[in-house]
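The structure under discussion appears below in the form of structure tokens.
This structure is a prediction, so every number in the text was calculated from the model and none was measured. Counting starts at 1 for both ligands and their atoms, following the listed order.
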Amino acid sequence: MSVHITVEKTQASRIEQLDKNRLDFGRTFTDHMFQMHYADGAWQQAKILPFGPIQITPALNVLHYGQAVFEGMKAFYVDDKTINIFRPEAHHARFNRSCRRMCIPETSYELFIEALEHLLHIDAAWMPEKKGTALYLRPFIFANEDYLAARVSSTYAYYIIMSPVGAYYAEGFNPVSLTTSPEFVRAVPGGTGEAKTAGNYAASFLPAQQAHAKGYTQVLWLDAREHSYIEEVGTMNIHFVIDGTLITPSLSGSVLSGITRDSVLKLAEHWGLDVQERRITIGEIMEAAQSGLLTEAFGSGTAAVISPVGTIAHEHEEVKIGNGEIGPLAKRFFDAITGIQYGELEDSFGWTHTVHL
Ligand SMILES: Cc1ncc(COP(=O)(O)O)c(C=O)c1O
């Protein structure tokens, strides 16, 4: 069954202003967006319309209480007639999990994929073609009742916007440097860390600023109870290679369950690697680095796919990992995942949803 989506096309396409050689993440948006409203207990009025400002009132409850969720995923150019969306089902399942935690009504996958396909057809000209580039897809839902009471909203707005993004590694892999935060945590057990909700990011900005001021790229988050177990990085999950074993911190309830993390684990299992998904302390990592057993550390996330980690600082110690290049295992994951995304390698996991233009 197909969902009814009304379409209002723009009379003033901005495509002429697009320079596909200069794409700045999240600043340029395609001509159209998807919009839907929730009222009277149902999602309704699915529509594709020109991208543009939306009118809100100062009393809009999301502005005050932050009841909002989002997803971040990508679509890739395969050829002039084919676009691959990477793991939309997994992203949508997480979108609904985030909705449940934030008391936001869930949405159907059928509508989600239909809206995405429709948008990709209409705005296909915005798709950058070069390897490494993509269309970033941003579905989000926010509470939009004009009511200042601190309680669950009765109305919501659901949007999908799309942004062409440049190659993350246009200038080669630059390993990132991470530091733990002596003071702050990202998420607590029972809190909202597992949800992709706005407030988690707002809460991470101050510690991230402090890390930048000390010369580090991102914060390596430790658990809230013991401030000892490694959870994740700014907007990535983390993986370590110790003495040949791939170690990934387990999902603790306060870690975002990354789709790229899951792809790494599924590939590792498929390749028969020695894999451990378990709790791991910062002490174990610092020790393994000092003894030379920690040969690789890398983040995983939609933005960069795989991001090598070159430095980790904790308290008064700092360790270097690798030789300033991407490690062999990190490279193997990067090549396999991007190969599947761009349709160059066989997608034996069924991860890509192919859109035929
Ligand atoms: C806090 C956080 N952790 C991890 C990730 C990586 O998740 P994914 O691989 O689904 O992009 C993200 C990015 O979405 C994130 O925001």
Check each N or O atom of ligand 1 against all protein N or O atoms and list the pairs under 3.5 Å, with atom names and distances to 0.1 Å, one per line.
| residue | atom | partner | partner atom | Å |
| --- | --- | --- | --- | --- |
| ligand 1 | 3 (N) | Glu232 | OE1 | 2.5 |
| ligand 1 | 9 (O) | Ile259 | N | 3.3 |
| ligand 1 | 9 (O) | Thr260 | N | 2.9 |
| ligand 1 | 9 (O) | Thr260 | OG1 | 2.6 |
| ligand 1 | 10 (O) | Arg94 | NH1 | 2.8 |
| ligand 1 | 10 (O) | Arg94 | NH2 | 3.1 |
| ligand 1 | 10 (O) | Ile259 | N | 2.8 |
| ligand 1 | 11 (O) | Thr302 | N | 2.9 |
| ligand 1 | 11 (O) | Thr302 | OG1 | 2.6 |
| ligand 1 | 14 (O) | Lys196 | NZ | 2.7 |
| ligand 1 | 16 (O) | Lys196 | NZ | 3.2 |
| ligand 1 | 16 (O) | Tyr201 | OH | 2.5 |

Q | Asp123: partners by side chain to side chain donor-acceptor pair (under 3.5 Å), with sequence neighbours left out | A | Thr30, His32
Q | Pairing of Glu106 and Arg100 as salt bridge, 4.0 angstrom limit | A | yes
Q: Kindly state each residue pair satisfying side-chain hydrogen bond (donor to acceptor under 3.5 Å, both in side chains) with at least one member in residues 335-345, sequence neighbours excluded.
A: Lys131-Glu344, Lys331-Asp335
(Q) Rounded at 0.5 Å granularity, tell me how far CD1 in Ile337 sits from CZ in Phe349. (A) 9.5 Å
Q.
The criterion is side chain to side chain donor-acceptor pair (under 3.5 Å); which residues satisfy it with Gln218, sequence neighbours excluded?
A. none
Q: Could you go through the side-chain hydrogen bond (donor to acceptor under 3.5 Å, both in side chains) check for Ser263 and Arg87 one step at a time?
A: CA-CA 9 Å; Ser263 307; Arg87 304 197 67 181; 2.9 Å; yes
